[in-house]
Each structure stands twice: as structure tokens, then as C-alpha cells.
There are 2 protein chains.
Amino acid sequence: MEYTVQVRMNDKLFLRDPESSELGRRIVRQSIMLIADIGFEEMTFRKLADRISTKEASIYRYFENKHRLLVYLIAWYWQWLEYQVIFHTNNLTDPREKLDRILKILLLKNLSPPTFSLGADNIDVSALHIIVIREASKAYLTHHVTEDNRQQLFKPYKDLCGRLASIILEYRPDYPYARSRASSIIETAHYQAYFMQYLPSLTDFGGQPEGLPTGEDRLLEFLRHLLFSSLDAPIQ
Amino acid sequence: MEYTVQVRMNDKLFLRDPESSELGRRIVRQSIMLIADIGFEEMTFRKLADRISTKEASIYRYFENKHRLLVYLIAWYWQWLEYQVIFHTNNLTDPREKLDRILKILLLKNLSPPTFSLGADNIDVSALHIIVIREASKAYLTHHVTEDNRQQLFKPYKDLCGRLASIILEYRPDYPYARSRASSIIETAHYQAYFMQYLPSLTDFGGQPEGLPTGEDRLLEFLRHLLFSSLDAPIQ
DNA sequence: GTATCATTGATAGTAATACTATCACTAACA
DNA sequence: TGTTAGTGATAGTATTACTATCAATGATAC
């Protein structure tokens, strides 16, 4: 039996629910491939329309504009990731283990099999992960953050951070920066992954000599050290 | 006597050196005001030209395109910041104190007086700081990072991170993640400052009740704790 | 079976953007 | 006095980010 857990997306994110039609699903799935491929700035609704043999105007019936489509994809990813977190930490009691597991999930390691991937069929989560790393900050680093935030567009990200923060507090109840710690470890994970690939001199995970741990593994080690050193240190 | 230390910018960043003419300087200074005001996406060379009473084509004689102008501004900021770091840590011997000082500089606290501001006259560093927080990542989160990187466009940022990394190693010679620690603390400083202002629920620095430290002060405390807990923790 | 309704295809069009090209003018300089 | 660099002024192009309209289609309701 296959479990596919549908994500309920905020309906401010779209004009017509893309999961409600075949065309809508193609828009979402193929936009992920296209953006991962050529980047968000270079992606246009015309190129996307050509790719899925439809018309620009049809895409506009689902998404108000390009930016909303990006926000939709990112929001979907965070909801998917929160589900992964819930799923993989559910049976754990030790908060340290939970945090450790979450770090791996952030790097898309030890994924649940596709059977359990959230949302309907065939969303390429790896491609989406690439997009999140390179484009997610563009979702909120805009002149209209406040308005977008008022429409709850960033709620999935906030929810994930909130969940992570509460596990941090399980581990260390008197830690005074739980929310900042949560958001900063997530951002750091993505930034370092990006730097590792494109600006490796900004990291310590550059070359991968034979027999040694890969960049990804060392990044994970770094994040672990970063997170637990801050949570284990005395306050003040 | 006034010291103005000229920044020598990478000449790949511009077509004609904007510091070499009055118009060029107006372009740089007013673009800072305009971008800080309306955001990078909304800024156009036409609006900028109108603002300084020149023509679009004249701006294109200095900067190849909008993105290069952004990269130029960001690069200028990093060079300015590195100068601040050198200046303010020069007389210190204790690496811990140096690091502490650098965190303040990252938040633009305890600035050197305008007398010592690097570069020619009247660059509004506070406005530029706002731009760096909101737009700096757009300088490298592009599809053409690799090409831009090959042209050394990000050298100022790398230099700053390198300098910070070497001070980290002064403080803790066997710390294995000096470069990643350097880049991540800088990114975290900016992200948290942004979140604090626009998405405060992602931080712990939201409301500022009377008599308590301001958000900025608590952010600084957080960064201090984050940095030193990681550098003081045992490895493995 | 027919009305109607929602969805898409197809075409067209607009305002703005991101440039490029050209040429005349001016001030500096050689 | 001639040359040149820099700028102003105007014009123009390709593309983008949309909006509008209407016909074709296929499903559903009666």
C-alpha cells in the first residue's frame, strides 16, 4: 500500500489550486525541473509553457506571477520537510537524537522512501532541494515581505522553525535563543551547501580526497558541532 | 586632517571607474539610496537616471548592467568592512577581543567616525548596510556564479572571510572549520538582523520592552554566544 | 439530448524593462 | 587649433510580465 499524504497549501499561494488538475500538476512539476535547471531569474512563464505544451495565459490562471510560483514551491518544500521531521522523530525520545536526525533531513540524507513522500505523485524533491538552496531566500528578501508575510505565505517555514525550536527546548529547556538557533541552523545548512559547491573557499569542505569523508559528510559534522556546542555551552 | 582611504576596486566590476568622475560618484551614491529605498528588483536604471538627472545610457557606460552595479556596491561594502576590521583590531593582542570587536562591526556598532570611512566622500554606509542585509545574497545566488567567481567579483567577501578565519585560528589553532565558521557567522548576523525586522517570529529578539536590551543588543549577545560556544567546545 | 459551465487553446495586445546605437555638444588637453 | 573623452539627447529593439478576448472541448446537470 502506498501512503501519499496530501499537503494542504495556503490558498493565498495560488489563484487556482494546481493540484486540482493535470495541467496544474504539470506546471508545478515542470517548473521545478526548469528552475533547477536554468535558475529562477532566467525562468519565464513562456519557457515553462513551451516546455509543457501549454500557453502562458494558462499558467497565469494558476499563479498570479512568477514570484508566487516560487513561494509556492518553497512553501511546499518546507511542509514536506516538516512532515519528514515529524515522521522521523516520532518514535524517538532522546531530544539529542531528534536533533541529530533533523540535521540529516536538512541535507536530504536518510530520506524516507518515495512511498512516503508527501504530496501527490512525482514531485522531484531533490531538484526542489536545489531550488530551495539557491532561491529560497528570494522568496522573502523582497520589498514586499511585510505584505506577503501578512498573507501567511511564510507560515510553513515558520512552522518548521517553531517545531525545531521546541525540540531545542526539549534538549535544553533554559536555552534563550531557541527560535534564532532554529532559523540560523537551517539557513547555515543551505548556505554552506551552496558555498561548498560554488564558492568552496568560503568553507572547509572543498576537495574530496580519496578515502576521506565527502564534503557533505563534513558539512554534517560541522552543523552537528555548531548546534550542539551552542546548546551545551553555559549561558552568559 | 581627514583620512580617506581609497578602495581599489576590481576593474571587472565596472566598464568605467565610477570613482573617476562626478557622474560616476553620483551613480554610486544615489543608487545606494534608491536601492535601500525601493529594493533591488524595483530599481531600474531609468529611475536612477531620473533621480540624478542623467540618462539611462550614461549609466550603462559605467556599469554593464544592474546586477554588476549591485555586485559593485556589495564588494565595496566588504572592502570597507575589512578595512574597519583591520583598523579596529590592529592594536589588540587578545584574539578573543578581536573576535568580539568584529561581531560589533558586523552589526555596524562602534563604527569609526565618518572621518575614517573608507572610499571617497559621502557614501552612506548605513544605507549600504541595509542593502547588504537584504540584497547581498542576490549577488552570488545566480545561475552565473561560477563565471562571476572566475572574474574575482567575490574576492572582497572571500578576503574578509579569510581574515576572520585566520583570527579564529589565532583564538583556537586546532579548530577545523575556521572558514565555514567565518562565512556562517557573517551570514547569520545579516539573516537574523533581517528576520528580527521583518519576520520576528523566526528570532528571539522581537519585542523591545522598556528597560530591557534592544533587539540589536540581544542579537549581538546571541552571535557572541554562538561563536564562542563553537570555538570553545571540544572537537569530536 | 440539450443547456451550461468550467477549463484550456489560441491569438493579440500593452506597458515596462534591459539594453544598444547614433550623433551632436562641450570641455579639456596636446 | 585640432583631437578626444565624456555626456546629453533621442531612438529603437527584443524580451518580459502580464491582461483580454473568444472559440473549442469535455464534463455535468436537468
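Quick note: numbers below take in every heavy atom, side chains included, and nothing from hydrogens, waters or symmetry partners.
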Is the phosphate of C:dG9 approached by A:Thr54 (side-chain N or O, under 4.0 Å from OP1 or OP2)?
yes
Think B:Arg16 has a side-chain N or O under 4.0 angstrom from the OP1 or OP2 of D:dG6?
yes
So, is B:Tyr62 near the phosphate of D:dT7, with a side-chain N or O under 4.0 Å from OP1 or OP2?
yes
Going by the rule side chain to side chain contact (heavy atoms under 4.5 Å, CB included), which residues pair with B:Arg181 if we only count those two or more places apart in sequence or in a different chain?
A:Phe222, A:Leu226, B:Ile168, B:Tyr175, B:Ser184, B:Ile185, B:Leu226, B:Leu227, B:Ser230, B:Leu231
Once you round it to whole Å, what is the distance between P of C:dT8 and CZ of A:Phe45?
15 Å
Can you measure B:Met43 atom CE to C:dA16 atom P for me and round it to whole angstrom units?
18 Å
Rounded distance in Å - CD1 (B:Ile52) to P (D:dG6)
17 Å
Set of side chain to side chain contact (heavy atoms under 4.5 Å, CB included) partners for B:Asp148, sequence neighbours left out
B:His67, B:Arg68, B:Thr142, B:His144, B:Leu153, B:Phe154
Protein heavy-atom contacts under 4.0 Å, written 5' to 3' over nucleotides 20-28 of chain C as B (base), S (sugar-phosphate only) or - (none), form the string BBB------
Within this structure, what is the CG-to-P distance between A:Asn65 and C:dA15, rounded to whole angstrom?
20 Å
Using a cut-off of strictly less than 4.0 Å, decide whether A:Ser58 has a side-chain nitrogen or oxygen near OP1 or OP2 of C:dG9.
yes
Please confirm whether the shortest side-chain N or O distance from B:Lys55 to OP1 or OP2 of D:dT7 is below 4.0 Å.
no
What integer distance in Å separates A:Ile27:CD1 from C:dG9:C1'?
13 Å
Between C1' on D:dT15 and CD on A:Glu41, what's the gap in Å once rounded to a whole number?
16 Å
Check the distance between C:dT14's P and A:Arg46's CZ and give it to me in whole angstrom.
15 Å
